[in-house]
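Residue numbers start at 1 and run along the sequence shown. As the structure lists them, so they are numbered: ligands from 1, and atoms in each ligand from 1. The figures here come from the full heavy-atom set of this structure, side chains too, leaving out hydrogens, waters and symmetry mates.
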Amino acid sequence: MDLILIFGDQLSPSISSLEGADKDKVRVLMVEVMEEATYVRHHKKKIAFLFSAMRHFAVTLRSSGWNVDYVELGDDGNTGSFIGELDRAILRHQPDRVRMTEPSEWRVRELVNSWQISTGFAVEICEDDRFICSHSEFETWVKGRKQLRMEYFYREMRKKTGLLMDAGKPVGGKWNFDADNRKSARSDLFMPKPLEIHPDPITQDVLSLVKKRFSDHFGALEPFWFATNRTGAEKARDHFIRDVLPAFGNYQDAMLAGEKFLYHSLLSFYMNVGLLDPLETCKRVEAAYYSEHAPLNAVEGFIRQVIGWREYVRGIYWLKMPDYLEQNFLETVRPLPEFYWTGQTDMACMREAIAQTREEGYAHHIQRLMITGNFALLVGVDPKAVHEWYLAVYADAFEWVELPNTLGMSQYADGGLLGSKPYAASGNYINKMSNYCENCRFDVKQKTGDQACPFNSLYWHFVDRNAEKLRTNPRMAQVYRTWEGMSRDKQKDYLDSAVKFLDEL
Ligand code: FAD
Ligand code: DLZ
Ligand code: SF4
């Protein structure tokens with residue numbers, strides 16, 4: 001008899017560990033464990049989402065004939081760890097073998113490896129075929145390349161999937177329509193609201209549990225509006241395609257005060273735990289282009305994020321772990337400022353991004369990259385501390401996708417493996433892409449002094465202190481020309497302003 005262990009982010013009925021298994025001869029094991037909920041102190045909404053989605057998935061499996069052994073967090077004897085629960089389940093069921101789909105995170109893969117070595121128990125690990133690119137395919141793509149640019153990887157994925165391809169050529173004559181996707185939004189635009197799912201009794205039970213056991217974790221538990229099963233996630237996907245996708249491209253980089261979601265899909269939660277299949281989602285999005293419901297820049301933009309970025313960061317993660325976690329190219333050591341947890345800061349852009357992160361366990365990409373990420377980069381926070389924050393506070397955060405985005409793309413801690421230059425920006429960029437500055441106690445137009453936007457002087461402090469490491473980067477050449485072209489006095493003003501701010505941080 002096989003014991004099939006299904007992790008909390010493997011909630012797909014077609015998951016490879018179940019494939020070909022005889023329902024009468026296997027036991028499926030799913031476990032809620034304290035270790036997973038607390039190794040970083042996840043947002044309350046994230047824990048509730050995971051546990052509720054796991055419980056719903058167990059119901060679905062049982063109703064289609066699987067024998068599921070489900071351990072709830074509060075069950076007597078719950079040891080609180082994957083390994084403890086695996087040991088207990090082996091005593092209960094006396095299986096000949098354990099089977100699972102490969103864990104998505106290195107940490108959990110290592111736990112399983114060590115357990116297998118120490119017990120000598122037979123374990124079969126199946127490939128996670130919900131991803132379009134396998135580990136070996138990614139390694140083959142990497143071979144012989146000096147630079148691992150997402151754009152070239154993405155083209156391979158377009159060819160492989162056939163998405164937006166016409167006789168071997170990209171539809172519309174170009175691979176990438178990103179240049180059309182940089183409009184700033186206005187508050188008088190029609191803003192779609194996300195689809196909200198009312199908590200059913202299973203979710204209500206989980207919400208009570210989280211209220212009781214995780215009251216000291218970051219974030220608001222309610223209102224809780226996430227889908228927690230496949231039907232709900234499909235409704236959210238259809239809502240996105242119908243009402244939001246047509247404008248997804250145009251405003252992808254925009255930010256607006258009071259608008260938490262703009263034209264984003266809010267589908268990462270569901271794709272990352274297996275409630276939605278990424279390739280199927282892309283095919284439906286592609287169909288919206290062919291039926292002339294959505295324009296090419298929106299459809300190509302969405303597909304690029306999913307079969308491009310999402311697959312690419314996973315490839316990088318498995319290629320570079322475990323060393324990737326230790327990278328710190330800019331040698332930064334500052335602890336994460338306390339206001340990342342409280343949101344208490346005079347900087348309106350930071351306040352807004354952190355407040356919605358607390359409320360929803362969600363911020364969109366440009367908020368993560370150009371507000372909270374940019375600030376941490378400019379002030380020089382230890383990349384591991386930044387990584388732990390992102391992993392804890394976002395409901396879609398799993399290390400395979402979060403770590404390369406945070407440590408690589410946002411903090412440049414991998415020295416440019418993922419991005420060709422640091423995503424560092426002054427207040428000017430934030431002002432161009434948002435209306436946050438209108439209600440800020442700082443003045444984005446002032447460059448130095450107590451009233452000046454801190455991003456302005458911090459930007460030049462960042463440029464100056466990292467000159468040795470960044471000056472030779474061709475994409476930074478213009479920035480260094482500007483810096484070096486400034487008068488000594490002007491440079492000193494910037495640096496003094498930044499040092500004052502950093503001292504008070
Ligand atoms: P949309 O804007 O609607 O995009 C559509 C889909 O594209 C997303 O659902 C997602 O699956 C995919 N996608 C878009 N950008 C990326 C990207 N850079 N990497 C991988 N997939 C992408 N994404 C996560 O899923 N989990 C994380 O923990 C996470 N951490 C991040 C940390 C930082 C510092 C940054 C800069 C980005 C991070 N991202 C992460 C990527 C991106 O911000 C989120 O995928 C996106 O905001 C999710 O919201 P959405 O579903 O509304 O996305
Ligand atoms: C994120 C999470 C949390 C909070 N709790 C659990 C849990 O109790 N049981 C479980 O199987 N998975 C949980 N997860 C998701 C895991 O961290 C995820 O499955 C691993 O990343 C797999 O590598
Ligand atoms: Fe942010 Fe500066 Fe604008 Fe204030 S002025 S919102 S700190 S960019």
Side-chain angles (χ1 to χ4, degrees), residues 5-10 30-39 42 46-47 49-51 54 71 73 82 85 102-109 111 150 194 240 244 248 252 257 261-273 278 281 301-306 308-314 345-352 362-373 375-376 386-387 390-391 394-407 409-411 423 425-431 434-446 452-456:
L5 174 58
I6 296 191
F7 293 105
D9 59 355
Q10 299 183 341
M30 297 180 68
V31 297
E32 293 173 9
V33 289
M34 209 56 185
E35 195 173 74
E36 286 306 297
T38 54
Y39 75 96
H42 300 290
K46 179 178 183 182
I47 300 175
F49 168 57
L50 253 294
F51 286 3
M54 286 172 66
V71 181
L73 193 80
F82 281 143
E85 286 315 289
E102 181 187 53
S104 66
E105 298 182 333
W106 179 271
R107 176 183 59 83
V108 180
R109 184 75 174 86
L111 279 178
M150 196 290 295
F240 165 67
V244 187
F248 170 85
Q252 222 178 325
F261 309 110
L262 291 160
Y263 296 91
H264 292 275
S265 69
L266 319 183
L267 296 182
S268 52
F269 319 120
Y270 309 133
M271 287 194 275
N272 291 354
V273 302
T281 307
F302 182 87
I303 288 175
R304 173 158 30 85
Q305 304 309 316
V306 177
W309 279 110
R310 187 172 184 274
E311 293 285 331
Y312 170 79
V313 297
R314 178 189 184 244
T345 162
D346 285 344
M347 291 177 282
C349 52
M350 292 290 283
R351 204 168 55 228
E352 185 98 14
Y362 178 85
H364 58 74
H365 187 67
I366 292 298
Q367 291 176 308
R368 298 188 204 194
L369 186 65
M370 300 312 293
I371 305 290
T372 44
F375 184 81
V386 187
H387 150 61
Y390 279 95
L391 188 56
Y394 291 113
D396 61 14
F398 294 87
E399 196 181 77
W400 65 265
V401 51
E402 176 278 330
L403 184 70
N405 269 298
T406 303
L407 197 130
M409 187 188 304
S410 162
Q411 300 300 298
Y423 281 96
S426 68
N428 192 29
Y429 171 86
I430 297 171
N431 192 34
S434 79
N435 62 354
Y436 294 144
C437 305
E438 288 168 15
N439 287 313
C440 186
R441 99 137 179 83
F442 297 107
D443 180 354
V444 72
K445 301 279 180 227
Q446 288 192 42
C453 166
F455 283 85
N456 291 338

Worksheet item: Taking atom 3 (Fe) of ligand 3 as the center, what protein N, O or S atoms are found at less than 2.8 Å?
Response: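 Protein N, O or S atoms closer than 2.8 Å to atom 3 (Fe) of ligand 3: Cys437 SG.
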
Discussion item. Below 30° counts as parallel, above 60° as perpendicular, anything between as tilted: where do the rings of Phe302 and Phe240 land?
Written reply: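 Rings of Phe302 and Phe240: tilted, 30 to 60°.
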
Worksheet item: What atoms in ligand 2 come closer than 4.0 Å to a heavy atom of Glu32?
Response: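 Per the distance check, 8 (O).
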
Fill in: ligand 2 versus Met54: contacting region, heavy-atom distance under 4.0 Å
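For Met54, only side-chain atoms sit under 4.0 Å from ligand 2.
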
Worksheet item: Looking only at heavy atoms, is any part of Asp9 under 4.0 Å from ligand 2, and if so is it the side chain, the backbone, or both, or is it neither?
Response: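 It is both backbone and side chain that touch ligand 2.
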
For [atom], what is the closest protein heavy atom, and at what distance to 0.1 Å?
atom                    : value
atom 42 (C) of ligand 1 : His365 ND1, 3.4 Å
atom 33 (C) of ligand 1 : Asn405 CB, 3.7 Å
atom 9 (N) of ligand 2  : Val31 O, 2.8 Å
atom 11 (O) of ligand 2 : Gly8 N, 2.9 Å
atom 1 (C) of ligand 2  : Leu50 CG, 3.8 Å
atom 10 (C) of ligand 1 : Ser268 CB, 4.2 Å

Worksheet entry | Nitrogen or oxygen atoms of His364 and ligand 1 under 3.5 Å apart |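 The answer is no, given that His364 and ligand 1 share no N or O pair closer than 3.5 Å.
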
Worksheet item: Polar-atom distance check: Leu266 versus ligand 1, any N or O pair below 3.5 Å?
Response: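 Between Leu266 and ligand 1 (N or O atoms, distance only) the closest approach is under 3.5 Å.
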
Item to complete: Give the single entry among Arg107, Glu105, Arg109, Glu36 that approaches atom 17 (O) of ligand 2 most closely by any heavy atom.
Response: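 Answer by nearest heavy atom: Glu36.
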
Discussion item. Below 4.0 Å, non-hydrogen atoms only: which portion of Phe261 touches ligand 1? Side chain, backbone, both or neither.
Written reply: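 Answer for Phe261: neither.
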
Practice prompt. Say whether Ala363 and ligand 1 are in contact under the criterion: heavy-atom distance to a ligand atom below 4.0 Å.
Written response: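 It does; at least one heavy atom falls under 4.0 Å.
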
Worksheet item: Can a non-hydrogen atom of Tyr390 be found less than 4.0 Å from any atom of ligand 1?
Response: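 Contact present.
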
Worksheet item: Among the heavy atoms of Trp400, does any lie under 4.0 Å from an atom of ligand 2?
Response: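 Distance cut 4.0 Å: Trp400 fails for ligand 2.
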
Item to complete: Flag this pair as yes if the NZ/CZ of Lys46 is under 6.0 angstrom from the six-membered ring centre of Tyr390 and inside a 45 degree cone about the axis; otherwise no.
Response: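 That pair does not qualify as a cation-pi contact.
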
Fill in: salt_bridge(Glu402, Arg368) N-O dist < 4.0 Å
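Arg368 and Glu402: not salt-bridged.
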
Practice prompt. Determine, for Arg107 against Glu399, whether the closest basic-nitrogen to carboxylate-oxygen distance falls under 4.0 angstrom.
Written response: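 Salt bridge absent between Arg107 and Glu399.
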
Worksheet item: Considering residues at least two apart in sequence or located in another chain, which fulfil the side chain to side chain contact (heavy atoms under 4.5 Å, CB included) criterion with Ala452?
Response: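 Checked Ala452 against side chain to side chain contact (heavy atoms under 4.5 Å, CB included); matches are Gln446.
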
